[in-house]
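Just below is one structure, and these are the notes that go with it.
Quick caveat, the model's predicted, so the values are computed rather than measured. Order of the sequence lines fixes the chain letters, A, B, ..., with proteins taken first and strands second; residue numbering starts at 1 for each chain.
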Amino acid sequence: MSFVVERSPVPGWLTERISNRHLVAVGIGWVTLFFVFPILFLVVESLNFGDGSLFEAYRRAMGGVYVDAFVRSFIYGFVTTVLTLVFAYALAYYLVFVSDRVRLLLTLVVVPLWVAYIIRYFGLLLFFSPTGPLGELGLEIDLLFTSTAVVLGLANAYLPFAVLPIYNSLNAIHHETINASRVLGAGQFRTIREVVLPLSTPGIVAAGVIVFILATGSFLGPAVLGGPNQAMIANEIARTFLEAYNIQLASALAVIYTVLLVAFITAFNAVFNLQEALGNL
Amino acid sequence: MSVTASIRRASLVRQGALLAVLVAIYAFLLVPVAVVILTSFTGQTFPAIPYDGISVQWYAELFADNQLLGALMTSFVVATSASLLSVAFGTAAAVGFVRAEFPYKQQLSTIMLLPMIISPVITGIALIRYFGMVNVSSGYPALIIGHSILTVPYVFLLVRSQLVTFDEDLEQASRVLGADSTVTFMNVTAPIISPALLAGFFISFVVSFGEFTATQFLISPGSSTVPVEIYTMLRTGLTPTINALSTVLVVIMVVAALLSRYFER
């Protein structure tokens with residue numbers, strides 16, 4: 001692309017006043033105006049400034065259904081993370097150390113990321129359904145609308161997010177390090193356990209944090225693949241807002257969930273730089 | 001049989017096992033999308049693998065359905081407008097953060113990434129309540145602003161990583177030769193970072209086109225997007241028209257993403 005501007009279209013007195021700090025202010029300002037403020041107003045809405053107790057909605061949020069949904073979200077999030085890390089590590093290991101068609105295979109990992117979540121969950125719904133390919137083969141699987149279906153759906157949706165950071169951290173390991181371990185007499189498994197695995201920890205942590213955040217906050221996974229007994233916290237928040245019209249309670253649930261998650265992220269951020277991890281995607 | 005041969009055989013077995021695991025993982029990743037596309041060509045009245053011949057009747061059905069075509073149009077307009085906004089604000093922030101030095105820089109830049117971290121259900125509810133307060137109507141205005149917030153972190157990250165490898169001497173040279181900062185930006189900076197801007201645009205487009213969770217709160221009657229239509233159809237009963245619509249969506253998203261990757265390098 002070549003184009004030459006000989007005279008500035010913007011008057012000189014203005015150009016001299018736009019500094020890099022102003023650019024930061026423009027970007028941050030946009031996100032603050034239409035994201036930070038709305039979230040802060042949600043916090044205000046969660047509090048009861050009318051009559052009675054200020055924390056009325058929070059007291060209700062401690063009710064059985066909601067606690068169940070919180071616990072379920074974090075359990076599904078955890079199981080999904082473990083499952084995803086195992087799959088992603090095997091895949092990334094193969095890509096870095098075995099395969100010689102890395103570009104093609106890496107593209108195949110990224111392609112699902114480009115396809116909307118709703119379509120992938122829909123695909124799994126068809127796959128698990130009695131009229132799906134497994135049903136046609138005469139296999140009776142009653143997975144649909146169970147916890148297993150939801151967790152498999154979440155793992156499917158977020159697996160690419162785990163592969164990329166792990167791939168990057170494995171790719172950064174110098175082959176000399178591995179050769180040294182082998183020359184010094186360690187077998188393949190000992191080399192993996194004592195050299196490769198420790199050196200790829202940053203990638204594993206990043207992948208785990210990202211998948212955990214995305215999975216616990218998922219709305220579509222349980223909405224498409226689960227039944228009423230698989231509702232996660234995002235589903236309860238949406239239902240409280242859209243069906244029960246209880247804005248105060250929905251806001252309180254959103255605040256509790258976000259505070260729990262931010263506490264979790266802060267703890268991990270102390271050990272590992274999450275910005276770098278997100279930048280690797 | 002020699003010892004080396006048996007070691008070689010053991011290693012072959014291990015490689016075979018690894019390969020089998022790999023094939024299973026790839027199948028797990030790709031089969032759901034393949035099933036959606038394949039079953040869109042069924043001759044039946046429900047989504048089924050078309051073993052006995054291919055039919056495009058559900059595509060004919062789709063292209064005769066004004067509501068679904070309207071949703072495609074809405075998605076297109078929203079994704080394009082939101083991506084333009086994201087590129088403008090994401091690039092401004094990225095340039096500023098890479099070039100300027102100020103206290104709490106790292107912490108402040110986290111604000112640009114927050115929309116990626118907060119669950120989109122919460123973003124959607126917060127936005128629609130706030131829009132009600134500041135008089136932004138639901139439908140197009142809400143969708144465009146909302147999607148630009150959800151996509152701006154991607155542009156920010158892409159452009160920032162491109163700028164880190166940018167040779168600032170080129171800008172200095174331009175300034176020394178007498179160009180002011182705007183002329184320098186247009187002639188030097190913009191051409192160098194334009195691939196990142198285009199990549200950012202197409203990635204935003206893909207994210208916006210497929211977004212459902214926050215979107216469901218922001219639509220108004222007559223401004224429904226494709227993912228919202230698919231979700232509604234999933235709830236009301238499976239007809240292969242959903243598959244045809246999903247397949248069209250997949251094609252649009254994959255083309256946009258391929259364009260993004262093309263510009264990224």
> In terms of heavy-atom contacts, does CZ of Phe37(A) have more than 12 from other residues, nucleotides or ligands at under 6.0 Å?
Replying inline: no
Parallel, tilted or perpendicular: rings of [Y] and [X] (30°, 60°):
X: Phe202(B); Y: Phe263(B); result: parallel
X: Phe87(A); Y: Phe28(B); result: perpendicular
X: Phe212(B); Y: Tyr231(B); result: tilted

Less than 4.5 Å to any heavy atom of chain A: does that hold for the side chain of [X], its backbone, both, or neither?
X: Val31(B); result: side chain
X: Tyr26(B); result: side chain
X: Leu114(B); result: both
X: Ile252(B); result: neither
X: Ile122(B); result: both
X: Phe185(B); result: neither
X: Thr39(B); result: side chain
X: Ile128(B); result: side chain
X: Tyr51(B); result: side chain
X: Leu238(B); result: side chain
X: Leu18(B); result: side chain
X: Tyr130(B); result: side chain

> Is there a side-chain contact between Val110(A) and Pro160(A) (heavy atoms, below 4.5 Å)?
Replying inline: no
> Got Leu127(B) and Phe217(B) here, is their nearest side-chain heavy-atom distance under 4.5 Å?
Replying inline: no
>> Please check: side-chain N/O of Asn156(A) versus main-chain N/O of Leu152(A), any donor-acceptor pairing under 3.5 Å?
In response: no
> Which one of Pro227(B), Ala48(B), Pro153(B), Ala100(B) has the most heavy-atom pairs closer than 4.5 Å to chain A?
Replying inline: Ala100(B)
> Relative to chain B, which segment of Leu95(A) carries a heavy atom at a distance below 4.5 Å: side chain, backbone, both, or neither?
Replying inline: side chain
>> For Ala223(A), which atoms come within 4.5 Å of any heavy atom of chain B: side chain, backbone, both, or neither?
In response: both
>> Under 6.0 Å between ring centres: does that hold for Phe212(A) and Phe264(A)?
In response: yes
> Taking it one step at a time, do Glu101(B) and Arg21(A) satisfy salt bridge (Lys or Arg N to Asp or Glu O under 4.0 Å)?
Replying inline: CA-CA 8 Å; Glu101(B) 281 307 325; Arg21(A) 288 188 187 208; over 6 Å; no
> Which value, rounded to the nearest 0.5 Å, describes the distance between Ile39(A) atom CD1 and Phe34(A) atom CZ?
Replying inline: 14.0 Å
> Looking at Val98(A), Leu125(A), Val262(A), Leu33(A), which makes the most heavy-atom pairs under 4.5 Å with chain B?
Replying inline: Leu33(A)
